[in-house]
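Below, all heavy atoms of this structure are taken into account, side chains as well, without hydrogens, waters or symmetry copies.
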Amino acid sequence: MTDYRQTVNLLDTPFPMRGDLAKREPGWIKSWYEQKRYQKLREKAAGRPKFILHDGPPYANGDIHIGHAVNKILKDIIIRSKTLAGFDAPYVPGWDCHGLPIEVMVEKLHGKEMPMARFRELCREYAAEQIARQKRDFIRLGVLGDWDSPYLTMDFKTEADTVRTLGEIYRAGYLYRGAKPVQFCLDCGSSLAEAEVEYKDKVSPAIDVAYRFKDNAALAAAFGLPELAGEAFGVIWTTTPWTLPASQAVSAGADIVYQLTDTVKGKLVLAKDLAEDALQRYGLADGARVLAETAGAKLENLHLAHPFLDRDILLLNGSHVTTEAGTGLVHTAPAHGVEDFLVCKQYGIELYNPVNAEGRYIAEVPRVAGLTVWAANDVIIEWLAENARLLANGKIEHSYAHCWRHKTPLIYRATGQWFIGMDKAGTAGNTLRNRALQAVDDTEFFPAWGRARLQTMIEGRPDWVVSRQRFWGTPMTFFVHKETGELHPDSAGLLEQVAQRIEEKGIEAWFALDKSELLSAEDCAQYDKLTDTMDVWFDSGSTHFSVLKQREELAWPADLYLEGSDQHRGWFQSSMLTGCATLGRAPYKQLLTHGFVVDQNGRKMSKSIGNVVAPQEVYNEFGADILRLWTAATDYSGELAISKEILKRVTESYRRLRNTLRFLLANLSDFNPVEDAVPQADMVEIDRYALVMARQLQERLAGDYYPRYAFHLAVQDIVNFCSEDLGAFYLDILKDRLYTTRADSHARRSAQTALYHITRSLVLLMAPILCFTAEEAWAIIGGGEEDSVLFHTLHDFPAMPAAGEAELVKKWQAVREVRAAVTAAIEPLRADKSVGSSLQAEVRIAAPAGTAAYLRALGAELRFALLVSRAEVREAEALTVEAAVSGGDKCERCWHYTDDVGSTAGHETVCARCADNIDGTGEQRDYV
C-alpha cells in the first residue's frame, strides 16, 4: 500500500511555533550589536530624506518604569517605520543629568561636608551609573539607536552649548533680573519650575481678619453717608496666616458691590454676595444692619491699619478679586503671591519680604522671628485674637502646590532671580509670548487636542524663572555689578570665553575660575561672579541647539518631539521658548503626546496599592516583543491600561501572528524566488487577489496609519489581515493546492509566489512593532545572516492593471460573501454530527445574476473556494444556500468526497485528481 503522506507537500521551517522570546531576545540583541547594525543602517540610509525625532531626555536617576518603556518603544516604532518608508532616521538617545534629585542622592550616600568640586564630581559619577543602568534596559526593549554615543546634558560640550544658548537669549533681550514671588521649596532651598510643581490636597487654617479703617470720614463718603461713628473694618479671608506679616495692601474688586454692615463688633465692609455667609461664620448675623452699599471702585486708595503691625495698608482695586469664596476683600502681600505682586507693582507699592531662604522669618519681625512659616501660623492666629482682629478661625481642605520631589507644600516667596520675560519686546521688537503663540500655530499636534492645551499654557504662563540656587547644574556664567546688579557690558564676549573653558573642562571650569583671569583689576573690584545655576528645564530645553545643531547626522528643526502629556508644561514649552527666543521658531514641526500608564481598573501605578507593572518583569516573563505589541495596540492618546491579564491577551494575539508567519515560512521553504516565481499575469486568479489584499494592507499602514502615528489601528489591521484575509480565507483555501499539487507545478509555484510577496511585505510591516520577531523571520526569508529587516524599505509588489484589479476585487468579494453563506448553511449539519469537515458537504447556491456569473466563472474550481466537495449554481433574486451530505467517497490523500475515488489503477483509495498529481502531469489551476 502507498503511504500517501509521503506524497503531500508538508514542509517544515526553522521558525518555531513557540517564540520563547524572553530567553532568545538577549542573544539576538548581542549579535545585532556585534554586527553593528545601527551603524550599517546609517551607511545604507545615507542620502535619503532625513526624519529627525529628537529624544526628550529622561532623568538619570533610578531604574526605568513602565512609562519610560512606553515612551521609548513609541519612539522606536516611529524611527523604524520612517526607515521602512525610505527615510534616513537616526536616533540619538539622551539623558538629563543635572539637578536636585542627584544632589539629594549624593548627599544621602556621601554626606554634605565636602568641597563643592568633589561634590559635583560625585554627582557626575552617580549620573553616569544611572545612565548605564537605564541604557541597558532601553536596549533590552529592542530600541534602536546610537547607544555608544548618546547625548548627555553633563557632557562638557553640551554644558558649553547650554551656556551659549543662555547667551543668545541675553543678546535677544529676553533675560532680566528681578525680585518677584516664585514657587519656592523649603526642602530644596530653591525656586521651582512650573513642571516641578504638583497639586494635592492639604488642610490649612482658614481665618477672617479685620483691618481697621483709619479715616471714617473718607469711608463714609465712599458709601455716600454724611458721617460714620465708631470703628469700621474691612474683613479679609485667608488660608495662609503666615503671609500676614508681609501684608502691604488690601484688594477690592472695582465692579463688586460691597455692603457696610453695622454689628455688635463694629461696622464691617463685606462683598454683598458673601456678606450673609460671612456674618453667619462670625456669629454676627443676628441684629446686623446694612447701612449702605457701594462699588469697589469707590473704596480705592482708602487707608487701613495692619491688624498687628504698625503699618499703613492701602486699599487697591485688583482684577484678581472674586466673590467665589471669602469676603470679597483680599489681603495683599506682594512677596508671597503673583497677583499680589502685580497689583502692588501697578500702585507703586514696594515689595517687602520678611521670609528667608530657609522659610524662617527674619529678625525684625516681632514674635515670629526665627520661626518657620508653618510654625508661625498658630502664633499669628493667637496674635490676631489678642488684638481682637480675629473674626473666625477654621480649617479647610483644598488643592495646594507641592514639590514634586519632596512632596512637601510650597510657598510663594519673592527672591532675586533671573527671568526670561514672556512679554519683553526683545531686541527684535517682538515679545516671546507672541513668538511662542505663532509657533503653536505652526506646529502639527498628535492628538489634535494638544494644540489648545499648549496654547492655553503659553497664553497664561508667567515669566520663566531660569535661575536656581543649587550646586550640580549648568552655571549662569555672568559677571554682575556689586552695587547696581547690572551685567558686565561685555557679557556676551565673556560668556563665550567661559563656554570655551567649559567645553574643555566642564562646568567646574566656571566654579574654579578666578575672575581676574578674564576681568581687569578695575572690573574685578566692581563685578562678582554669579553663583546661580540654571533650571534643569533650560538644560533639556536647549538640547535642540546643543544636540540637533551640533551633530552632523541630525538636523534642525526636528520633525518630531514625542513625550508624555505632562510635557506640555515641561520640555515641550522649555524647548519652544528657547527656540523662539534664539532662532525665532519652535525646534520641532510636530508634537506627539501619550497618556500615562494605569492598571486595568484605571488607577495610577502605586507601590502602596501593589499594582506596579515593571518593564523588567514583563520582558523577563513574556519578552520585549509582547511589551512592544501591547504599547502599539493601545491607543496612547488616553491612558494606557496594563496588567498581567491584559498582557496574556496580547500574547494570544501575538501567537496568532506568529502561527501565520510560521505557516507562510514553512510553505516557502522549497521556493527560490529567482528560479520558481510565476509572473503576475500567469498566476492563479485567487493568488493575484491575495496580492491585492496584501498590497492594500501595506498602503493603509505605510500611507495612513504609520505616518499619522496611529499604531493601534496598524496592529488591528495586521491582526485582522492575518486572521481573516489570510487565516480564515486565503490560506484556508490554499492548503489544498499547496499540499496536494505537484511540488514544482505551476499551481503550487503560483501560490508560493503570492506567499513570498505577502510574507516579505508582512514581515516588513510588522518590523517597527515586533522588531525581534520580524528579524527572526527575516533571517529565514531575507538575504542571509548579515542581512536585516532594517536594511529594506517597503516591499515592491508586482504591478497589476488598475481596471483589471478593480474587477478582480469585486469578484472575490462576492465569492467571500457566498462563502460566508455556505459556512452558515453547513453549520446545522455540523451541529447534528451529519458532517465533520465542510468537505463532507455539497451545496446548491441560488444567487443574483452578477454573483452567479462570478461563481460560474470559477467552473469546477468553485468547490475549492467554498471548501466543499461539490457546488452547483443557479440564478435567483436573492442569495440562498442549500447544504447536504456528499454522496461521494473520501479521498485518503486530499480528503475531498468525490465519485472517482479508486478510478485510477494502483490508487484505489485516492481520487483521480490526486492520482494525476502523483503520477501524471498534475492538475491545472486557473482560478482557485
Is the ring centre of [X] less than 6.0 Å from the ring centre of [Y]?
X	Y	result
W571	H544	no
F479	Y527	no
Y174	F419	no

Practice item. List the steps, then state whether salt bridge (Lys or Arg N to Asp or Glu O under 4.0 Å) holds for E553 with R42. Key: CA-CA 9 Å; E553 73 271 33; R42 298 279 65 79; over 6 Å; no

Compute whether any side-chain donor of one residue and acceptor of the other, for [X] and [Y], lie under 3.5 angstrom apart.
X	Y	result
K202	S204	yes
H594	S565	no
K482	Q526	no
Y400	D201	no
Q134	Q130	no
T474	E159	no
Y126	N61	yes

Charged tip of [X] within 45° of [Y] ring normal and under 6.0 Å:
X	Y	answer
K135	W147	no
R136	F138	no
R120	F511	yes
R140	Y619	yes

Nearest 0.5 Å, please: how far is [atom2] in [Y] from [atom1] in [X]?
X	Y	atom1	atom2	answer
L562	L560	CG	CG	5.5 Å
R118	H110	CZ	NE2	7.0 Å
H65	N71	NE2	CG	9.5 Å
Q567	W537	CD	CH2	4.0 Å
S574	I420	OG	CD1	9.5 Å

Note to self: Between E563 and G56 (side chain of the first, backbone of the second, donor and acceptor by atom type, cut-off under 3.5 Å), is there such a pair?
What the structure shows: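 Checked: pair present.
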
When you measure from the side chain of R37 to the backbone N and O of E34, does any donor-acceptor pair fall under 3.5 Å?
->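 Side chain of R37 to backbone of E34, a donor-acceptor pair under 3.5 Å: no, none is there.
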
Considering only NZ, NE, NH1 and NH2 on the basic side and carboxylate oxygens on the acidic side, decide whether [X] and [Y] come within less than 4.0 Å.
X	Y	answer
K515	D528	yes
R171	E168	yes
K424	D463	no
D137	R133	no
R501	E517	yes
E121	R124	no

Derivation of the side chain to side chain contact (heavy atoms under 4.5 Å, CB included) call for L583 and K549:
CA-CA 12 Å; L583 294 158; K549 273 191 164 290; 3.6 Å; yes

Quick one, [X] and [Y] - any side-chain contact, counting heavy atoms below 4.5 Å?
X	Y	result
W418	L530	yes
L577	M422	yes
F538	I169	yes
H68	D63	no
F341	L351	yes
H488	H481	no

Quiz item: If you count the non-hydrogen atoms of other residues, nucleotides and ligands that lie under 6.0 Å from CD in E483, is the total more than 12?
Solution: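 Not buried by this count: 12 neighbours or fewer within 6.0 Å.
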
Problem set entry | More than 12 heavy atoms from other groups under 6.0 Å of NZ on K407 |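 Yes, NZ of K407 has more than 12 neighbouring heavy atoms, counting only those of other groups under 6.0 Å.
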
Run Y151 and H54 through ring-ring contact (aromatic ring centres under 6.0 Å, His included) and show every step you take. CA-CA 11 Å; Y151 79 83; H54 183 40; 5.5 Å; yes

